**Q** 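Quick one: the structure is below, questions incoming.
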Amino acid sequence: MRALIWHGTQDIRCDTVPDPKIEGDRDAIIKVTVCAICGSDLHLYDHVMPGMEKGDVMGHEFMGEVVEMGKGVNGALRKGERIVVPFTIICGECDQCKRGYFSVCERSNRNKKIADKAFGHTTAGLFGYTHLTGGYQGGQAEYVRVPFADKTHIKVPENLSDEQVLFLGDIFPTGWQAAVQADIQPTDTVVVWGAGPVGQMALRSALLLGAKQVVCIDSVPERLEMARAGGAITLDNEQESVIERLNELTDGKGPEKCIDAVGMEAHSPRALEQAYDRLKQAVMLESDRASVLREMIYVCRPAGILSIPGVYGGLVDKLPMGALMNKGLTVRTGQTHVNRWTNDLVKRIDDGEIDPSFVITHRVGLEQGPEMYKTFRDKKDNCIKVVLRP
């Protein structure tokens, strides 16, 4: 089969590799009909996330048709059925899965010992996302093996197109969870840092959940335009003062809820701060740039909530813990518990409340994937979201 393969830093190639095979009773093989490049994939492309190995298949946002199953799937799937595959692999049986905390499934990470050392306790296994999370082959390919397939799937209505439901596997529930864990009230101002795909989903989710107003911060014109189309007030942080503008919008009190949809590769408009973080990264004294986290802590209203769907991989520096503690801020974060939200989100799509395909700007074949990684990373050609068809 053809697949997008990691060969090293900024070296993704469309190679021919062996087809996946059933390895366990609860496995299924999926023929991929459509997949996407996610912002988290760029962490692997630039190799700022450890644990990649040459030959790894990329991608964790995909869907397709069931072509083969192990006997342990026990009727949960049938051949020819169209499903979305969440990026989180879940057993459905451990204590965490039973509580709905699917992204920290206790059984699906086959490299549990490595994850225990890195994080203290293992997280779930993830598709196409380093050997810290199991080293599972990803979905930017013609076929994928899905472990625990009887639980790791989302069934979708036949009347909905692939593009309408594809993002149920990651960015839609990620944006939704970011808004839900902010505990949004009708009087709230919600601020979303980052107008990339997750930020776009988060701001629309916040509005669906009843926020009084949503502000989206970015500096890329086409992303800000898309955010405005979704109902957000936009703020260009390279042209305006974030602090002054947010004070204007909140009568000087600051926003109640702040969402970091940027993560570990944040760019600060403040030259000194950006240079500081870049230098610390260069000499390996920190792995993640925390400029958005610092700003959220500073501007958030006392007793507010910080929600962090943006991915962080290691260590940050100069985090203002004094402000965080003394202002009584609550921090909620984590990889997405995808299956916890998808029944509701499928219904919202089917009812016409939202069509997540609005975020797609580029549709190409799998063989164009390597060049689209660079286009997406560099924000060229008005690129916000790339969909690939094998």
Side-chain angles (χ1 to χ4, degrees), residues 1-4 14 16-38 57-93 97 102 108 125-128 136-173 338-352 355-357 360 363-367 369 386-390:
M1 69 172 185
R2 293 176 305 152
L4 297 188
C14 187
T16 299
V17 296
D19 291 352
K21 297 182 179 181
I22 296 289
E23 297 178 17
D25 286 347
R26 296 175 68 183
D27 286 357
I29 304 298
I30 306 300
K31 180 181 180 180
V32 177
T33 55
V34 64
C35 55
I37 300 176
C38 182
V57 180
M58 298 288 292
H60 58 265
E61 200 163 32
F62 61 97
M63 64 176 295
E65 298 177 359
V66 179
V67 295
E68 189 179 355
M69 296 165 289
K71 61 183 180 181
V73 173
N74 286 330
L77 295 171
R78 55 181 173 77
K79 286 186 179 181
E81 192 165 23
R82 190 175 63 127
I83 61 171
V84 176
V85 181
F87 76 96
T88 46
I89 302 169
I90 64 172
C91 74
E93 298 172 346
C97 283
F102 297 112
S108 61
L126 308 179
F127 287 101
Y136 290 99
Q137 300 303 288
Q140 291 169 5
E142 293 183 287
Y143 295 91
V144 182
R145 180 180 74 91
V146 179
F148 300 105
D150 54 318
K151 298 296 182 181
T152 305
H153 71 266
I154 303 162
K155 294 187 179 182
V156 293
E158 287 300 318
N159 61 295
L160 298 178
S161 70
D162 282 3
E163 290 187 353
Q164 285 180 288
V165 298
L166 169 63
F167 303 130
L168 287 166
D170 184 357
I171 60 170
F172 187 17
V338 175
N339 294 74
R340 187 172 187 169
W341 315 112
T342 47
N343 285 344
D344 180 27
L345 298 183
V346 167
K347 186 175 186 303
R348 289 177 184 271
I349 297 171
D350 202 18
D351 288 347
D355 180 351
S357 66
I360 302 170
R363 298 169 174 88
V364 299
L366 191 67
E367 65 280 356
V386 179
V387 164
L388 308 168
R389 291 192 179 274

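All values reported here derive from a predicted model rather than from experimental measurement. Note that the numbering runs from 1 along the sequence shown for the chain.
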**Q** Report yes if some heavy atom in the side chain of Gln137 is under 4.5 Å from a heavy atom in the side chain of Arg145; otherwise report no.
**A**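 Sidechains of Arg145 and Gln137: no contact.
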**Q** Would you give the length of the straight line joining atom OG1 of Thr342 to atom CZ of Phe172, rounded to the nearest 0.5 angstrom?
**A**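 Result: 10.5 Å between the selected atoms.
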**Q** What is the minimum heavy-atom distance between Val84 and Gly169, and which atoms define it?
**A**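 Scanning both residues completely, I find the closest heavy atoms to be CG1-N, 3.5 Å.
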**Q** Less than 4.5 Å apart, any side-chain heavy atom of His153 and any of Val66?
**A**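 Answer no - side chains too far apart.
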**Q** Hey, what do you get for CG (Asp25) to CG (Asn74), rounding to the nearest 0.5 Å?
**A**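 Spacing of CG (Asp25) from CG (Asn74) equals 9.0 Å.
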**Q** Roughly how far apart are Glu81 CD and Glu158 CD, rounded to 0.5 Å?
**A**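 It is 8.5 Å, given to the nearest 0.5 Å.
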**Q** Give, for atom CE of Met63 and atom CG of Leu166, the distance between the pair rounded to the nearest 0.5 Å.
**A**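 If we round to the nearest 0.5 Å, Met63:CE and Leu166:CG are 7.0 Å apart.
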**Q** According to the side chain to side chain donor-acceptor pair (under 3.5 Å) rule, which pairs have a member within residues 60-71, sequence neighbours left out?
**A**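 Every pair satisfying side chain to side chain donor-acceptor pair (under 3.5 Å) with a residue in residues 60-71: Asp41-His60, His60-Asp170, Glu61-Lys385.
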**Q** I'd like to check Ile90 versus Ser108 (side-chain heavy atoms, cut-off strictly below 4.5 Å). Are they in contact?
**A**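 No, too far: nothing below the 4.5 Å cut-off.
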**Q** CZ/Arg348 to CG/Leu168 distance, rounded to the nearest 0.5 angstrom?
**A**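 Reported value, rounded in 0.5 Å steps: 12.5 Å.
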**Q** State the CH2-CZ distance between Trp341 and Phe102, to the nearest 0.5 angstrom.
**A**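 Here the rounded value is 10.0 Å.
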**Q** Quick one, Arg82 and Asp162 - any side-chain contact, counting heavy atoms below 4.5 Å?
**A**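 Yes; the side chains approach each other to less than 4.5 Å.
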**Q** If I compare all heavy atoms of Ala3 with all of Val57, which pair ends up nearest, and what's the gap?
**A**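 Reported closest heavy-atom pair: CB-CG1, 4.0 Å.
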**Q** Heavy-atom distance under 4.5 Å between the side chains of Pro147 and Thr152, does that happen here?
**A**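 Counting from C-beta outward, Pro147 and Thr152 never come under 4.5 Å.
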**Q** My understanding is that only one of Leu345, Ile349, Ile360 makes a side chain to side chain contact (heavy atoms under 4.5 Å, CB included) with Phe167; could you say which?
**A**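 Among the candidates, only Ile360 passes.
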**Q** Any side-chain heavy-atom pair from Val364 and Leu388 closer than 4.5 angstrom?
**A**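 Touching, per the 4.5 Å side-chain cut-off.
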**Q** Taking the side chain as every heavy atom from C-beta outward, state whether Asp150 and Leu77 have any atom pair closer than 4.5 Å.
**A**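 No, too far: nothing below the 4.5 Å cut-off.
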**Q** Heavy atoms only: give me the nearest Thr33-Pro390 pair and the separation to one decimal.
**A**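 Looking at all heavy atoms of both residues, the shortest contact is O-CD, 3.8 Å.
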**Q** Assess whether atom NZ of Lys347 is packed by more than 12 heavy atoms of other residues, nucleotides or ligands within 6.0 Å.
**A**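 Open: at most 12 neighbouring heavy atoms sit under 6.0 Å from NZ of Lys347.
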**Q** Write down the atom of Lys151, the atom of Gly92, and the distance for their closest heavy-atom approach.
**A**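 The answer is CG-CA, 4.1 Å.
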**Q** Please confirm whether the backbone N or O of Met1 pairs with a side-chain atom of Asp19, one donor and one acceptor, at under 3.5 Å?
**A**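 Indeed, once roles are kept as given, a pair shorter than 3.5 Å links the two residues.
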**Q** For Asp350, what residues pass the side chain to side chain donor-acceptor pair (under 3.5 Å) criterion, not counting sequence neighbours?
**A**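 In terms of side chain to side chain donor-acceptor pair (under 3.5 Å), with neighbours along the sequence ignored, Asp350 is linked to Asn159.
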**Q** Just so I know, are the side chains of Phe127 and Val146 near enough to count as touching, which here means a heavy-atom distance under 4.5 Å?
**A**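 A side-chain contact exists here, since the closest heavy-atom pair is under 4.5 Å.
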**Q** Please report the closest heavy-atom contact between Gln164 and Asp355, naming both atoms and the distance.
**A**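 So the minimum-distance heavy-atom pair works out to CG-OD1, 3.4 Å.
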**Q** Compare every heavy atom of Pro157 with every heavy atom of Val346, then report the nearest pair and how far apart it is.
**A**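 Smallest heavy-atom distance, with atoms named: CG1-CD, 3.6 Å.
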